[in-house]
There are 2 protein chains.
Amino acid sequence: MELDSRKKAILYAIIENYQETGEPVGSRTISKLDNLKFSPATIRNEMADLEEMGLIVQPHTSAGRIPTDKGYRLYVDRMLEEQKARNSELPALPMNDLLSRRIDRVEELLVKMAQILATNTNYTTMVTGPHYRKNKLKFLQLSSLEEEKLLVVVVLEGNIVKNHILTIDEKPDPQELLNLSFLLNNKLNGLSLEDINLGLISALKEEAGNFSDLVSRILDAVAETFAQDESYPIYTSGAPNIFRYPELTGGDRASELISTLEEKKELGTAIGQLSEGGSKQDIQVFIGDEVPVDSMKDCSVVTATYSLGEGVQGKIGIIGPKRMNYQKVVDTLKDTMNQLDKVFTKPEE
Amino acid sequence: MELDSRKKAILYAIIENYQETGEPVGSRTISKLDNLKFSPATIRNEMADLEEMGLIVQPHTSAGRIPTDKGYRLYVDRMLEEQKARNSELPALPMNDLLSRRIDRVEELLVKMAQILATNTNYTTMVTGPHYRKNKLKFLQLSSLEEEKLLVVVVLEGNIVKNHILTIDEKPDPQELLNLSFLLNNKLNGLSLEDINLGLISALKEEAGNFSDLVSRILDAVAETFAQDESYPIYTSGAPNIFRYPELTGGDRASELISTLEEKKELGTAIGQLSEGGSKQDIQVFIGDEVPVDSMKDCSVVTATYSLGEGVQGKIGIIGPKRMNYQKVVDTLKDTMNQLDKVFTKPEE
DNA sequence: TGTTAGCACTCAGTAGCTTGGAGTGCTAAC
DNA sequence: GTTAGCACTCCAAGCTACTGAGTGCTAACA
């Protein structure tokens with residue numbers, strides 16, 4: 001059977017009506033639309049065809065139709081196609097404040113951004129922290145804080161900074177500390193985690209003499225910083241928004257979804273898989289069963305990759321019911337990406 | 001009317017039975033208990049008295065009784081009284097791993113601790129980040145990262161460390177940077193936010209000469225660090241646990257509770273008020289209406305103050321239904337406080 | 001050949017009714 | 001002071017009937 005333009009129009013009309021109401025859509029409702037002024041009977045015939053093609057279904061015999069995953073997929077694909085030509089008509093999100101301020105704390109920015117996205121779309125947002133693959137050590141700094149504490153500041157490429165406070169036996173002489181710092185920076189800067197191998201480590205320890213113990217603890221701190229960069233954090237916002245969509249909260253599902261959002265681990269691996277494929281800055285849409293998280297099989301997820309320059313990047317995902325307003329979500333995400341890009345790729349001309 | 005010991009026994013029996021089942025408790029159930037072998041009729045007479053005293057109520061005419069806030073209050077007060085004498089019989093929580101490891105990252109420790117508490121009690125946990133009142137600047141460090149970036153590390157008393165990356169016009173000469181760093185540390189260390197007044201600031205700027213602009217930006221960073229210390233973060237864990245208790249999730253209440261937990265602001269002010277009164281390390285129990293958060297009027301909250309030494313302290317709160325197992329929660333919290341204290345107050349003998 | 005009107009049919013949801021069980025309060029007897 | 005007995009109340013579950021929305025099918029129409 002062929003999917004002629006009238007069938008398409010009816011399918012899209014069903015989808016859009018169902019997006020608004022959340023109720024199955026009947027033939028009468030469609031026949032009242034301006035661009036589909038046929039009798040309900042005609043619409044019913046077409047609907048029977050659409051059902052045969054697997055694009056819509058009836059929840060029960062005497063109900064209207066709702067779209068299937070396949071139906072949504074068709075709709076979204078067309079939408080994304082048209083999107084390329086079209087410019088967003090949405091007003092830009094009010095992130096200007098956020099982005100124009102000096103961005104010393106990227107994480108805070110991301111959390112705020114997630115909040116804005118969540119409140120603006122009424123869906124749930126998740127953001128992975130900035131993430132730099134195969135990162136390298138840029139800079140290492142030692143300073144003694146007080147009798148038995150040593151502050152180690154580790155800076156990675158992409159200006160990811162972590163502090164570690166080590167408790168040590170005795171306060172080292174400032175000159176010695178300076179020497180040690182020089183030694184470490186000299187040998188380690190520019191190296192990735194893999195580059196720092198056992199041979200290098202033992203050579204370092206030898207050169208450090210008395211401080212070989214301290215050196216290995218500092219190296220632990222460095223390793224931990226790398227590890228943290230690998231296991232990037234995930235922020236979520238707007239989790240309670242799922243309560244707006246009864247189809248997600250029926251039964252115990254609310255609890256499962258909230259749990260998934262709270263335990264961010266599973267989300268992390270999932271979101272990792274999600275966008276392996278997508279080319280840079282592309283927006284991807286996952287509908288229902290396409291979502292690689294079990295508790296989200298009734299949801300759709302729209303993801304985008306943000307980039308903070310210098311190879312540092314992460315993901316933003318918007319989670320909502322399958323009847324989410326894809327148009328709006330995609331527009332909003334594109335807008336957000338653009339705003340971010342403007343700020344980060346041209347550093348303050 | 002007097003509350004004799006049999007009445008008390010019946011009240012406590014009702015409370016404990018209701019804790020387990022969540023169902024109103026009838027006279028037959030009580031009369032089957034070993035220590036209350038009277039006929040149901042006798043129990044009913046006593047129950048009528050307890051109801052008159054406002055300690056229990058019937059949800060509807062022909063139902064069993066459930067405790068009122070006042071009834072819980074009586075029960076909890078007695079429990080806390082006995083607690084003082086008694087030693088916890090609970091096995092210690094498996095935090096040993098957590099605590100015996102070197103604690104370089106306090107926040108991570110707190111988050112993990114919240115998780116352990118939540119999974120162990122099956123209630124929701126909230127923890128305020130460490131919080132040091134009237135903090136002082138301990139140490140300030142400047143290092144140039146690359147052409148236009150300057151890393152400022154600010155350390156407060158209590159070893160609270162924050163990084164700020166400033167974007168500057170030109171890379172300063174290393175010697176000048178050293179001078180500037182020396183000047184700032186010399187003038188500012190040991191001062192609180194209030195001590196750094198306008199006079200001091202203008203004097204500093206004058207001394208800094210060309211760098212007066214930079215100085216004011218560094219001071220901004222310092223101020224922000226103080227501010228962050230004031231607006232301490234709040235971590236929550238186990239929010240989905242509320243779904244275990246139907247009396248909390250009926251209607252839209254689940255959504256409200258989850259929202260409150262996600263928007264941590266309100267929690268913050270509330271938890272601040274909560275424990276103003278309590279003396280150090282005391283455990284406080286808030287039942288129903290006593291909780292100063294509207295959406296939690298159907299809950300009880302048990303709080304404790306933890307101390308990381310050097311005046312740094314914060315709060316832990318456990319949120320559950322009014323029929324929560326107060327005994328277990330209080331024991332668990334005490335145990336946790338003790339374990340924390342052991343680690344932090346005697347720094348590694 | 002595509003469109004429409006009409007009709008019988010299905011089914012979810014709701015309201016009303018009945019029934020059973022749990023629990024109470026009260027009274028009278030022990 | 002305690003207990004047995006009894007009438008009473010009320011929730012919850014199950015049943016029935018009804019309504020309304022929506023369908024599929026057939027036959028007539030343009």
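By convention in this document, chain letters (A, B, ...) are assigned in the order of the sequence lines, proteins followed by strands, and residues within each chain are numbered from 1.
- The nucleotide range of DNA chain D contacted by chain B, defined by atoms under 4.0 angstrom from heavy atoms of the protein and reported 5' to 3', is D:dT2 to D:dC11.
- Heavy-atom distances to DNA chain C give each of B:Ser62 and B:Ala41 a nearest nucleotide, and the one nearer the 5′ end belongs to B:Ser62.
- With contacts defined as side-chain heavy-atom distances shorter than 4.5 Å, the pair B:Val302/B:Ile316 does not qualify.
- Taking atom CZ of residue A:Arg44 and atom P of nucleotide C:dT10, one finds them 16 Å apart after rounding to whole Å.
- A distance of 13.5 Å separates CD1 of A:Ile242 from CG of A:Asn122, quoted to the nearest 0.5 Å.
- Heavy-atom nearest nucleotides on DNA chain D were determined for B:Phe38 and for A:Thr61, and the one closer to the 5' end corresponds to B:Phe38.
- Relative ring orientation between B:Tyr326 and B:Tyr72 is described as tilted, the plane-to-plane angle lying within the 30° to 60° band.
- The interatomic distance linking B:Ile43 (CD1) with C:dG23 (P) rounds to 14 Å, in whole Å.
- A side chain to side chain donor-acceptor pair (under 3.5 Å) with A:Arg323 is found for exactly one of A:Glu20, A:Gln19, A:Glu247, A:Glu16, namely A:Glu247.
- Partner B:Val329 forms a side-chain contact (heavy atoms from CB on, under 4.5 Å) with one of B:Leu117, B:Val285, B:Ile283, B:Ile318 and no other, that one being B:Ile318.
- Using modelled atom types, one finds a donor on one side chain and an acceptor on the other under 3.5 Å when comparing A:Thr260 with A:Ser295.
- For the helix from C:dT1-D:dA30 to C:dC30-D:dG1, the axis fitted to the five pairs at one end and the axis fitted to the five pairs at the other end meet at an angle of 20° (nearest 10 degrees).
- For the pair A:Glu51 and B:Thr42, nearest-nucleotide mapping onto DNA chain D gives the more 5' position to B:Thr42.
- Separating the CD atom of B:Gln58 from the P atom of C:dG23 is a distance of 11 Å, rounded to the nearest angstrom.
- Contact check on B:Asp69 versus B:Arg73 returns no salt bridge, with no Lys/Arg side-chain nitrogen under 4.0 Å from an Asp/Glu carboxylate oxygen.
- What separates CD1 of A:Ile30 from P of C:dT4 is a distance of 15 Å, to the nearest Å.
- Sequence neighbours left out, the pairs with a member in residues 54-66 of chain A that pass side-chain hydrogen bond (donor to acceptor under 3.5 Å, both in side chains) are A:Glu51-A:Arg65.
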